[in-house]
2 protein chains.
Amino acid sequence: MSQTPPNPGAAREPAMTDVARLAGVSHQTVSRVLNGHPNVREQTRLRVRAAIEQLGYRPNRAARTLATGRSQLLGVVAQNSTLFGPSSLLAAFELAAASRGFVVSVRRVRVLDRGSIAEAVDHHLEQRAAGIVVIAPTAAADEALAAVPPDIPLVAVDGDPARGDTLVTVDQQEGARLATRHLLDAGHRTVWHVSGPSEWFDAADRERGWRLALEEAGAEVPPVSPADWSAASGYRAGLLLARMPEVTAVFAANDHLALGILRAMSERGRAVPGDVSVVGFDDVPEAAYFIPPLTTVRPDFATVATETLDVLLSCMSGEPTASTRRTITPTLVERASVAAPRG
Amino acid sequence: MSQTPPNPGAAREPAMTDVARLAGVSHQTVSRVLNGHPNVREQTRLRVRAAIEQLGYRPNRAARTLATGRSQLLGVVAQNSTLFGPSSLLAAFELAAASRGFVVSVRRVRVLDRGSIAEAVDHHLEQRAAGIVVIAPTAAADEALAAVPPDIPLVAVDGDPARGDTLVTVDQQEGARLATRHLLDAGHRTVWHVSGPSEWFDAADRERGWRLALEEAGAEVPPVSPADWSAASGYRAGLLLARMPEVTAVFAANDHLALGILRAMSERGRAVPGDVSVVGFDDVPEAAYFIPPLTTVRPDFATVATETLDVLLSCMSGEPTASTRRTITPTLVERASVAAPRG
DNA sequence: TCGCCGATTGTTAGCGCTATCACCCTGCTC
DNA sequence: GAGCAGGGTGATAGCGCTAACAATCGGCGA
């Protein structure tokens, strides 16, 4: 616990008063210069800036936060995963926030249950975060959000589409529909689906979109092959599908599942796209280099991130913004894993 | 700018004095309870805890930071990438830090140049971060580190192996050696290399390890195929290598490059591992489902993260720790992309 | 010439917490 | 029974900043 011993040799960090003394003004004037207050004489401003430079002065954010009651801190609660979607989103958000002058503090949770999320949100509240983003793709996560005080700006990403409140999400359903439609349009009688874990809203919605597209087209709705998001589970599901000659088209809930399916098909001697067409979801950077290059659905995570920041900032400013819900529609990326069925 | 208008209706967040009043003690006693100070009567402690509970009191970290001069904040500077290595590392670090009660604030930079990094570090210093981690895989990043004041605890990850100071890194060279050796041991005359971008230490070290292994074995050192980390560039390099019949073994600087190579070989009708053996680096979760399953080198990112935290904390406590450098040795994961060369 | 106004600057009082010291009790020793 | 150690508690002074108001200085119209 013996942090930084007294150490009388090393001078403490310069504070505002030090700058003030050097510039021959009051500390308040320094504050004014720092905050771009208009009524400061140009000459004074320059003198203060010079003093700041000379001392290498750095304002103390903690003091400012204490004095103003608000911080420049944005808290994010995310799951401990390296899944492509969430991590791209997070990276994009951090970048966007930084460019707007915010600091992003990330709190990872091991599992998305009520307790963990509540605890994570709490930590951000202790920091007096100006706003909070929760990447909440499961029902348990969404429930936990109900528990946070309503006066603090909070945006859910990939949360419950039925959620009334602030929410930014990818239109999973439409994406899935696009994929399914694409396969039907290629001439397939129906499309099989390897789904993500059902407790994820993303997965449920993709399944819903797939089902809807089939029903709209009057196609038979085959049973879903349940999986998690991993290539391993895609492989297992693929092994089964490969045994069934009537399977000619598969929509996988994400690209890694699709990769597993691709390998299962290859092992079983089912050619893609000759015998079976496959479509994925996410457009991971490697998807274009799968064998064969994967046709997939691309959600624009950068847009999700900027929209999230946008909604959060407008919540923070308290203005009843036009809409606190944003939906980003993904696009289909056609590559070489889809073809017309044989015969 | 008109943040939270006066709003006399909504009571402000309860502060320590409110708890004190309710519990019938001084605010100082509340502070003592909160900080686990020994000299508080059990009965008082309980009364205070009850009051805290009742008011939903949350300590204000900014005030504490201001009063103590130190924070519970760990700053991380990372590049804006979704590359598997850095993002796994980051996620693991965030998790480890959270479990030790620290808040992690991440600042992404678009490019790893001096200016950006200096600016990012500066922001963390303004927050009075207790420690800083820089994921600095390039020379420019490492240079920028030289500029930060030496009294603030800073750990570089994946930085310049020649760096004198605190550094945690994966033993890239040894990993590359493992991979190359594995291919030579399988009977290949020599091993070709598709490298990462040369300004990355990781890439340079992997290349070095490969070269060393070849030289040790007295094998010919073929020219390096330069690439970035992407599957796309791996594919381009692979297309070239596929044309050369003498190429029977390739070590790719990461798994995504290997994926691109796999596809190039497949397109060119060169069987893997029948005609050409391939080894990657990173062991991304999907690697086991490439066609064929990829033999690769696995760095343990979770360990890198915990070691990083460890070094950082010991720097922070000021104790001249045993070692401020940690090197994590990766392991070889054998799958199906390596075989003996034909006849 | 007087007084008023606006531009510029200084003064003062907190923000919510910790550190430090002073204070009050016990229970004990001599 | 006076004195003393030490556990338990309160009072006070900041930490470095911003907000609100006060003060000062010109210049200008009346």
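By convention in this document, chain letters (A, B, ...) are assigned in the order of the sequence lines, proteins followed by strands, and residues within each chain are numbered from 1.
For Val40(B) and Ala63(B), each mapped to the nucleotide of DNA chain D holding its nearest heavy atom, the one lying further toward the 5' end belongs to Val40(B).
Ser26(A) has no side-chain polar atom (N or O) that falls below the 4.0 Å cut-off from OP1 or OP2 of dT11(C). Here Arg64(A) does not reach the OP1 or OP2 of dG16(D): none of its side-chain N or O atoms lies under 4.0 Å away. Contact annotation: Asn39(B) reaches the phosphate of dG8(D) (side-chain N/O to OP1 or OP2, under 4.0 Å). Distances shorter than 4.0 Å separate none of the side-chain N or O atoms of Thr68(B) from OP1 or OP2 on dC15(D). Side-chain nitrogen and oxygen atoms of Ser31(A) include at least one within less than 4.0 Å of the OP1 or OP2 phosphate oxygen of dT18(D). Within the 4.0 Å cut-off from OP1 or OP2 of dT18(C), at least one side-chain nitrogen or oxygen of Asn35(B) is found.
If you check distances only, the side chain of His27(A) does reach the base of dT18(D) with a donor-acceptor pair under 3.5 Å. For Arg32(A) against dG10(C), a side-chain N or O and a base N or O form a donor-acceptor pair under 3.5 Å.
Atom-to-atom, CE of Met16(A) to P of dA19(D) comes out at 11 Å; the value is rounded to the nearest Å. Atom NE2 in His37(B) sits about 10 Å away from atom P in dG7(D), given to the nearest Å. Between the CZ atom of Arg47(A) and the C1' atom of dG10(C) there is a distance of 14 Å, given to the nearest Å. Across the protein-nucleic acid pair, Glu42(B) atom CD and dT9(D) atom C1' stand 16 Å apart, rounded to whole Å. Straight-line distance from the CD atom of Gln28(B) to the C1' atom of dC23(C): 14 Å, rounded to whole Å. Rounded to whole Å, atom P of dA13(D) lies 18 Å from atom CG of Leu66(B). Remark: P of dA7(C) and CD of Gln43(A) are 18 Å apart, rounded to the nearest angstrom. When rounded to the nearest whole Å, the span between CZ of Arg21(B) and P of dT9(D) equals 19 Å.
The two residues Asp158(A) and Phe201(A) make their nearest non-hydrogen contact at O-CD1, 3.8 Å. Residues Leu55(A) and Pro14(A) come closest through the heavy atom pair O-CG, 3.6 Å.
Although no hydrogens or angles enter the test, the distance criterion places a donor-acceptor pair under 3.5 Å between the side chain of Arg47(B) and the main chain of Ala23(B).
Considering only side-chain atoms of Pro59(B), the nucleotide from dC17(C), dC17(D), dG10(C) that sits closest is dC17(C). Comparing atom distances between the Ala67(A) side chain and each of dC15(C), dC17(C), dT18(C) picks out dC15(C) as nearest.
You'll find the side chain of Arg70(B) stays beyond 4.5 Å of the side chain of Thr65(B), heavy atoms only.
At a threshold of 4.0 angstrom between heavy atoms, the contacts of Thr44(B) are confined to the sugar-phosphate backbone, with no base atom among them.
Under 4.0 Å is where a charged nitrogen must lie from a carboxylate oxygen, and between Glu126(A) and Arg58(B) no such pair does.
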